J.: 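One structure, as structure tokens, below. Some questions next.
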Amino acid sequence: MSKIALITGATSGIGAATSHILASNGFDLILTGRRNKRLVELELELATKYKAKCLILCFDVTKLEQVQTALDSLPGNWMAIDVLVNNAGLAVGMDTVDSGEIEDWERMIDTNVKGLLYLLRKVTPWMKERKSGHIINISSLAGKDPYPSGSVYCATKQAVEAISHAMRIELLPFGVKVSTIAPGMVDTEFSNVRFKGDNDRARGVYKGITPLLPVDIAETILFMVTRPAHVNIADLLIMPAAQGSSRDVFRNS
Ligand code: NDP
Ligand code: 8X3
């Protein structure tokens with residue numbers, strides 16, 4: 001029987017690449033995000049390429065009611081989620097605390113912390129009930145190594161680390177694994193979103209280095225979720241070879 005994975009933020013970057021790799025490895029997928037057109041295109045592509053069985057749920061993770069309604073609409077057999085990839089997230093703006101936009105902070109906190117929690121609140125009881133499941137929360141190097149002008153984004157990812165650590169212990173008696181993966185720089189739409197559509201500035205982030213690609217993270221997630229039952233890769237940090245810390249990046253131009 002195929003395993004079921006729910007991926008938040010499947011419309012782009014790490015989430016889209018993870019959808020491909022899990023589909024090509026026989027998982028049935030619940031694909032989620034706000035951009036329905038992309039979800040429909042992805043579903044078609046995964047069905048054509050890998051004969052994958054997919055179900056689309058289009059919702060905004062920051063809206064509790066949307067999260068609850070979407071997940072409650074799942075047919076019974078799709079509620080048996082084996083893997084939750086809690087990936088939807090974003091950085092908005094890069095400012096010192098004294099000059100930051102409050103609205104940017106709220107978007108990051110609402111998406112990266114509250115949205116992640118809304119998914120966990122809904123899916124974890126199903127996993128507990130079945131005494132089986134694996135939660136992969138996407139953290140960041142930023143959550144381990146905060147940097148100036150990134151305080152709120154870094155704080156949201158530290159929150160992801162703390163929530164994951166606590167949940168790993170809470171869920172020990174239920175056989176549910178909780179893992180974090182903390183990537184450094186990955187070339188996705190992340191910087192375009194952070195710099196609010198200033199694509200030149202976004203491209204500059206990856207100038208002179210070979211950043212990680214979404215597939216690098218997706219392959220790592222596949223490895224994590226296919227370990228034997230007694231193995232949990234609890235906390236994984238992955239960076240481009242050219243990156244040594246949030247701020248130490250060796251550029252060749
Ligand atoms: P992308 O911008 O390419 O993808 C972000 C995904 O999140 C999109 O699919 C988007 O879908 C979804 N998303 C954002 N806001 C919401 C929302 N309110 N409701 C539902 N879905 C939402 O970036 P990445 O792939 O890079 O980001 C994925 C995760 O990886 C994030 O948590 C990010 O913080 C983390 N990360 C990224 C790194 C990087 O360098 N790129 C490094 C470390 C961590 P849609 O717009 O359709 O809703
Ligand atoms: C994204 C990586 O270093 O741009 O989480 O914050 S960084």
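Both counts, for ligands and for their atoms, begin at 1 and track the order of listing. Note that this is a predicted model, so its numbers are computed, not measured.
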J.: Above 12 or not: heavy atoms from other molecules or residues under 6.0 Å from NZ of Lys207?
T.: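 Atom NZ in Lys207 is not packed in, count stays at 12 or less.
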
J.: Using the ring centroid of each side chain, check whether Tyr118 and Phe59 are separated by less than 6.0 Å.
T.: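 No - the distance between ring centres of Tyr118 and Phe59 does not fall below the 6.0 Å cut-off.
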
J.: I'd like to check whether Ser140 has a polar contact with ligand 1, where a contact means an N/O of the residue lying under 3.5 Å from an N/O of the ligand.
T.: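 By distance alone, the answer is no.
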
J.: Within the 4.0 Å heavy-atom shell around Met185, which atoms of ligand 1 are there?
T.: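 That gives atoms 40 (O) of ligand 1.
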
J.: May I ask whether Thr111 has any heavy atom positioned less than 4.0 angstrom from an atom of ligand 1?
T.: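 Contact check Thr111 vs ligand 1: positive.
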
J.: Atoms of ligand 1 less than 4.0 Å from Gly13 heavy atoms?
T.: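 Listed by number with element, the hits are 3 (O), 25 (O).
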
J.: Tell me whether Leu213 shares a hydrophobic cluster with Val193, the cluster being built from Ile, Leu, Val, Met, Phe, Trp, Tyr side chains joined at under 4.5 Å.
T.: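 Hydrophobic grouping puts Leu213 apart from Val193.
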
J.: Test your reading of the model: is there a side-chain donor-acceptor pair from Asn86 to the backbone of Leu116, 3.5 Å cut-off?
T.: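 Present.
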
J.: Going by heavy atoms, is Ala182 under 4.0 Å from ligand 1?
T.: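 Heavy atoms of Ala182 never come under 4.0 Å of ligand 1.
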
J.: Can you pull out the closest protein heavy atom to atom 5 (C) of ligand 1? Residue, atom name and distance to 0.1 Å, please.
T.: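 Atom 5 (C) of ligand 1 sits closest to the protein heavy atom Gly89 O, 3.7 Å.
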
J.: Determine whether Asp110 and Lys63 satisfy the following criterion, salt bridge (charged side-chain N to carboxylate O under 4.0 Å, His left out), listing intermediate values before the conclusion.
T.: CA-CA 9 Å; Asp110 286 352; Lys63 309 271 191 273; over 6 Å; no

J.: Considering only heavy atoms of Thr62, which atoms of ligand 1 have at least one such atom less than 4.0 Å away?
T.: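 Ligand 1 atoms under the 4.0 Å threshold to Thr62: 18 (N).
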
J.: Heavy atoms only: which of Ile138, Thr156, Thr18, Leu90 lies closest to atom 35 (C) of ligand 1?
T.: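 Answer by nearest heavy atom: Ile138.
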
J.: Do Leu141 and ligand 1 have an N or O pair less than 3.5 Å apart?
T.: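 In this structure, Leu141 places no N or O atom under 3.5 Å from an N or O of ligand 1.
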
J.: Where is the tightest heavy-atom contact between Thr210 and Pro240, given as atom of each residue plus distance?
T.: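 Shortest heavy-atom separation between Thr210 and Pro240 comes out as O-CB, 3.6 Å.
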
J.: Return yes if a side-chain donor-acceptor contact under 3.5 Å exists between Thr180 and Asp235, otherwise no.
T.: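 Checked: Thr180/Asp235 side chains pair up, N/O donor to acceptor below 3.5 Å.
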
J.: Assess whether atom NZ of Lys144 is packed by more than 12 heavy atoms of other residues, nucleotides or ligands within 6.0 Å.
T.: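 Correct, the count exceeds 12.
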
J.: Counting non-hydrogen protein atoms only, what is the nearest one to atom 41 (N) of ligand 1? Give residue, atom name and distance.
T.: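 I find the closest protein heavy atom is Val186 O, 3.0 Å.
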
J.: Pro211: heavy atom below 4.0 Å from ligand 1, yes or no?
T.: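 No, that is not the case, since the closest heavy atom of the residue is not under 4.0 Å from the ligand.
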
J.: Under 4.0 Å from ligand 1, counting heavy atoms only, is it the side chain of Arg38, its backbone, both or neither?
T.: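 For Arg38, there is no contact with ligand 1 at all, from either part.
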
J.: I'd like to know if Asp82 and Lys177 make a salt bridge, using a cut-off of under 4.0 Å between side-chain N and carboxylate O.
T.: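 Salt bridge: no.
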
J.: Any nitrogen or oxygen of Tyr206 lying under 3.5 Å from a nitrogen or oxygen in ligand 1? Just yes or no.
T.: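 Between Tyr206 and ligand 1, no N or O pair is found under 3.5 Å apart.
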
J.: Could you give the side-chain donor-acceptor pairs of residues 217-227 under 3.5 Å, partners two or more places apart or in another chain?
T.:
residue: Thr220; atom: OG1; partner: Asp216; partner atom: O; Å: 2.7
residue: Thr226; atom: OG1; partner: Leu222; partner atom: O; Å: 2.6
residue: Thr226; atom: OG1; partner: Phe223; partner atom: O; Å: 3.3
residue: Arg227; atom: NE; partner: Phe223; partner atom: O; Å: 2.8

J.: If we only count heavy atoms from C-beta on, is the Leu120 to Leu84 side-chain gap below 4.5 Å?
T.: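 Sidechains of Leu84 and Leu120: in contact.
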
J.: Applying a heavy-atom cut-off of 4.0 Å, say which part of Ser139 lies close to ligand 1: side chain, backbone, both or neither.
T.: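 Backbone only.
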
J.: Record the part of Thr11 in heavy-atom contact with ligand 1 below 4.0 Å; permitted values are side chain, backbone, both and neither.
T.: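 Answer for Thr11: both.
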
J.: Ligand 1 versus Phe59, non-hydrogen atoms closer than 4.0 Å: side chain, backbone, both, neither?
T.: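 The answer is the backbone.
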
J.: Using a strict 4.0 Å threshold on nitrogen-to-oxygen distance, state whether Glu189 and Arg35 make a salt bridge.
T.: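 Looking at Arg35 together with Glu189, the answer is yes, because their closest N to O distance falls below 4.0 Å.
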
J.: Within a strict 4.5 Å, meaning less than it, do heavy atoms of the Leu74 and Trp126 side chains meet?
T.: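 Sidechains of Trp126 and Leu74: in contact.
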
J.: Under 3.5 Å between any N/O of Tyr153 and any N/O of ligand 1: does that happen in this structure?
T.: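 Yes, since at least one N or O of Tyr153 sits under 3.5 Å from an N or O of ligand 1.
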
J.: With clusters built from Ile, Leu, Val, Met, Phe, Trp and Tyr whose side-chain heavy atoms come within less than 4.5 Å, directly or transitively, what are the remaining members of the cluster of Met239, listed by chain and number?
T.: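 Its cluster mates, by chain and number, are Leu141, Leu237.
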
J.: What donor-acceptor contacts under 3.5 angstrom involve side-chain atoms of residues 39-48, with partners at least two apart or in another chain?
T.:
residue: Glu41; atom: OE2; partner: Lys37; partner atom: NZ; Å: 3.2
residue: Glu45; atom: OE2; partner: Lys49; partner atom: NZ; Å: 3.3
residue: Thr48; atom: OG1; partner: Leu44; partner atom: O; Å: 2.6

J.: What atoms in ligand 1 come closer than 4.0 Å to a heavy atom of Asp60?
T.: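 Once the distances to Asp60 are compared, the set is 17 (C), 18 (N), 19 (N).
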
J.: Taking non-hydrogen atoms only, is Arg35 closer than 4.0 angstrom to ligand 1 via side chain, backbone, both or neither?
T.: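 Both the backbone and the side chain of Arg35 come within reach of ligand 1.
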
J.: Are any of the N/O atoms in Val61 less than 3.5 Å from those in ligand 1?
T.: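 Between Val61 and ligand 1 (N or O atoms, distance only) the closest approach is under 3.5 Å.
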
J.: Would you mind writing out a table of all protein N or O atoms found under 3.5 Å from any N or O atom of ligand 2, naming both atoms and giving the distance to 0.1 Å?
T.:
residue: ligand 2; atom: 5 (O); partner: Ser140; partner atom: OG; Å: 2.5
residue: ligand 2; atom: 5 (O); partner: Tyr153; partner atom: OH; Å: 2.6
residue: ligand 2; atom: 6 (O); partner: Tyr147; partner atom: OH; Å: 2.5

J.: What I want to find out is whether Asp145 reaches Arg247 closely enough, with some N-O distance under 4.0 Å, to be called a salt bridge.
T.: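 The answer is no: the pair does not qualify as a salt bridge.
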
J.: If I apply the N/O under 3.5 Å rule, does Ile14 come out as touching ligand 1?
T.: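 Yes, at least one N or O pair falls under 3.5 Å.
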
J.: Do Trp78 and Leu22 belong to the same hydrophobic cluster, where Ile, Leu, Val, Met, Phe, Trp and Tyr are linked whenever their side-chain heavy atoms lie under 4.5 Å apart, directly or via other members?
T.: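 No, Trp78 and Leu22 fall in different hydrophobic clusters.
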
J.: Does Lys157 have a non-hydrogen atom less than 4.0 Å from ligand 1?
T.: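 Yes, that is the case, since the closest heavy atom of the residue is under 4.0 Å from the ligand.
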
J.: To the nearest 0.1 Å, how far is atom 23 (O) of ligand 1 from its closest protein heavy atom, and which atom is that?
T.: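 Nearest protein contact, heavy atoms only, for atom 23 (O) of ligand 1 is Thr188 OG1, 3.4 Å.
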
J.: Between ligand 1 and Gly9, is the shortest N or O to N or O distance under 3.5 Å?
T.: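 Among all N and O atoms of Gly9, at least one is under 3.5 Å from an N or O of ligand 1.
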
J.: How far is atom 29 (C) of ligand 1 from its nearest protein heavy atom, and which residue and atom is that?
T.: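 Answer, as residue, atom name and distance: Asn87 O, 3.1 Å.
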
J.: Just need the protein heavy atom nearest to atom 14 (C) of ligand 1, so name the residue and atom and give the distance.
T.: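 The answer is Arg34 NH2, 3.4 Å.
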
J.: Take a 6.0 Å sphere around CZ of Arg107 and say whether it holds more than 12 heavy atoms from other residues, nucleotides or ligands.
T.: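 Open.
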
